[in-house]
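Report on one structure; see the data block that follows.
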Amino acid sequence: MIKFTTLKVSLVGAAIVAALSGTAYAGLKANSPVFIDTGLRIANGMLGSARNSADAVQHIGCYTNALTASVTTFCQARNSAGTSVSCSTTSANLVNVVHGLTGDSHLWFSWNAAGTCTEIDVYNVSQTPLKNH
Amino acid sequence: MMKVRDWLEVAAAVVLLALLALVVWSFKQQQAMHDELRTLVLRARAAAPAPERPTRRVTSLEVSPAPGASSDQLRADLRAIVREELDAFAEASAAAEEQEESAPVDPASFDENVREFERATALVQKALVSRVWGDQQADEFRRTRSKLTPEQYDGLLRQILPAINNQEIRAEANGPLF
């Protein structure tokens with residue numbers, strides 16, 4: 001009798017936990033591994049997706065190097081096939097956009113034939129995956 | 001009974017008074033005419049358009065001799081003024097040249113720049129031949145950056161970036177490429 005009651009309580013508790021867990025993790029989720037088109041000269045991907053991918057190849061991101069008199073921002077990406085691209089810019093507008101990049105952002109960038117970044121977009125939205133490891 | 005002499009005295013007094021009155025009247029008339037003329041002139045000036053300023057271009061120096069000044073004296077003054085202006089200009093030019101020449105050019109940093117630029121250029125050329133850009137190249141390239149001018153750095157980037165983007169060089173670096 002005691003055992004039966006204990007089992008019932010455990011089952012009800014598990015059901016409540018499961019229900020709460022389901023509610024907590026609801027919401028639109030997206031996954032965007034690194035995509036590169038060398039013909040169109042565009043690259044994009046979610047930093048979390050690249051990090052959480054099964055392969056140990058892809059990555060995407062931007063960084064800024066600063067000297068006292070100049071600031072240069074670079075963006076680079078590599079897809080799962082090993083194709084790598086990179087661009088640089090000293091444009092204040094683009095450098096400012098990169099300041100908004102976080103570890104879980106969605107990044108999109110394009111470049112010209114000389115390797116100069118022509119556009120950088122940073123999306124900080126809820127559907128991007130967090131880095132889980 | 002008045003005597004003839006008395007009559008003459010009265011007549012003389014009357015004549016004198018008349019003359020005095022005539023003088024006063026003529027003075028007042030003159031004053032009135034003057035005022036009237038002045039008013040007319042002022043009205044005419046107010047109605048007339050403003051005189052145009054002369055806009056002719058000065059093509060030669062015109063000097064009106066001051067009263068009592070001789071033309072030789074004027075020439076001498078002009079020569080002195082021109083000489084002073086030329087001297088001042090020469091002085092300013094010399095000072096500017098001197099400042100330009102004495103701009104700080106540190107031979108050591110110049111040599112260092114040449115050395116680092118040669119090193120960075122060799123690094124890029126080697127990568128273009130070996131077709132690999134890894135962490136080692138990235139680190140070495142990053143170390144030279146502060147010794148290069150922005151133009152030199154940008155020029156090297158314009159060689160390596162298109163090569164990476166065209167997959168002519170395999171970017172193997174796990175960290176930042178530059």
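Every heavy atom of this structure was used, including side-chain atoms; hydrogens, water molecules and symmetry mates were not. Below, chain A is the first sequence line, B the second, and so on; all start at residue 1. Only a predicted model underlies this, so the values are computations on that prediction, with no experimental measurement involved.
- For a residue to count as touching a neighbouring chain, one of its non-hydrogen atoms must lie under 4.5 Å from one of that chain's; by this rule A:Ala114 touches chain B with backbone and side chain alike.
- Contact of B:Glu172 with chain A is made through the backbone alone, with heavy-atom distances under 4.5 Å.
- For A:Ala77, no part lies under 4.5 angstrom from a heavy atom of chain B.
- With hydrogens and angles ignored, the 3.5 Å screen pairs a side-chain donor or acceptor of A:Arg78 with a backbone N or O of B:Ala171.
- Residues B:Leu123 and B:Phe117 share a hydrophobic cluster, clusters being chains of Ile/Leu/Val/Met/Phe/Trp/Tyr side chains in contact below 4.5 Å.
- By the criterion of side-chain heavy atoms lying less than 4.5 angstrom apart, applied directly or through intervening Ile, Leu, Val, Met, Phe, Trp or Tyr residues, B:Trp133 is grouped together with B:Leu128 in one hydrophobic cluster.
- The two residues A:Ser70 and B:Arg145 make their nearest non-hydrogen contact at OG-NH2, 3.4 Å.
- Heavy-atom pairs under 4.5 Å with chain B were tallied for A:Thr116, A:Ile36, A:Thr38; the largest tally goes to A:Thr116.
- Linking Ile, Leu, Val, Met, Phe, Trp and Tyr whenever their side-chain heavy atoms come within less than 4.5 Å puts A:Tyr63 and B:Leu156 in one cluster.
- In plain terms, the two heavy atoms of A:Gly115 and B:Leu161 that are nearest each other are O-CD1, 3.4 Å.
- With hydrogens and angles disregarded, no donor-acceptor distance shorter than 3.5 Å links the side chain of B:Gln167 to the backbone of A:Thr83.
- Residues A:Ile60 and A:Ile42 do not share a hydrophobic cluster, clusters being chains of Ile/Leu/Val/Met/Phe/Trp/Tyr side chains in contact below 4.5 Å.
- A:Phe74 and A:Leu94 fall into different hydrophobic clusters, where Ile, Leu, Val, Met, Phe, Trp and Tyr residues are linked whenever their side-chain heavy atoms come under 4.5 Å apart, directly or through other members.
- Residue-environment remark: CD (B:Gln136) stays at or below the threshold of 12 foreign heavy atoms within 6.0 Å.
- Residue contact with chain A, scored on non-hydrogen atoms closer than 4.5 Å, is absent for B:Arg170.
- Taken to the nearest 0.5 Å, the OG1 atom of A:Thr90 stands 10.0 Å off from the CG atom of B:Leu157.
- Heavy-atom distances place no part of A:Cys62 under 4.5 Å from chain B, backbone and side chain included.
- Annotation for B:Ile164 and A:Val85: closest pair CG2-CA, 4.4 Å, computed over non-hydrogen atoms.
- For the pair A:Gln76 (side chain) and B:Phe178 (backbone), a donor-acceptor distance under 3.5 Å is absent.
- When atom types are taken as modelled, the side chain of B:Asn165 and the backbone of A:Arg41 share no donor-acceptor pair closer than 3.5 angstrom.
- The shortest non-hydrogen separation linking A:Ser86 to B:Leu177 is CB-CD1, 3.7 Å.
- Contact of A:Thr68 with chain B is not made at all, since no heavy-atom distance falls under 4.5 Å.
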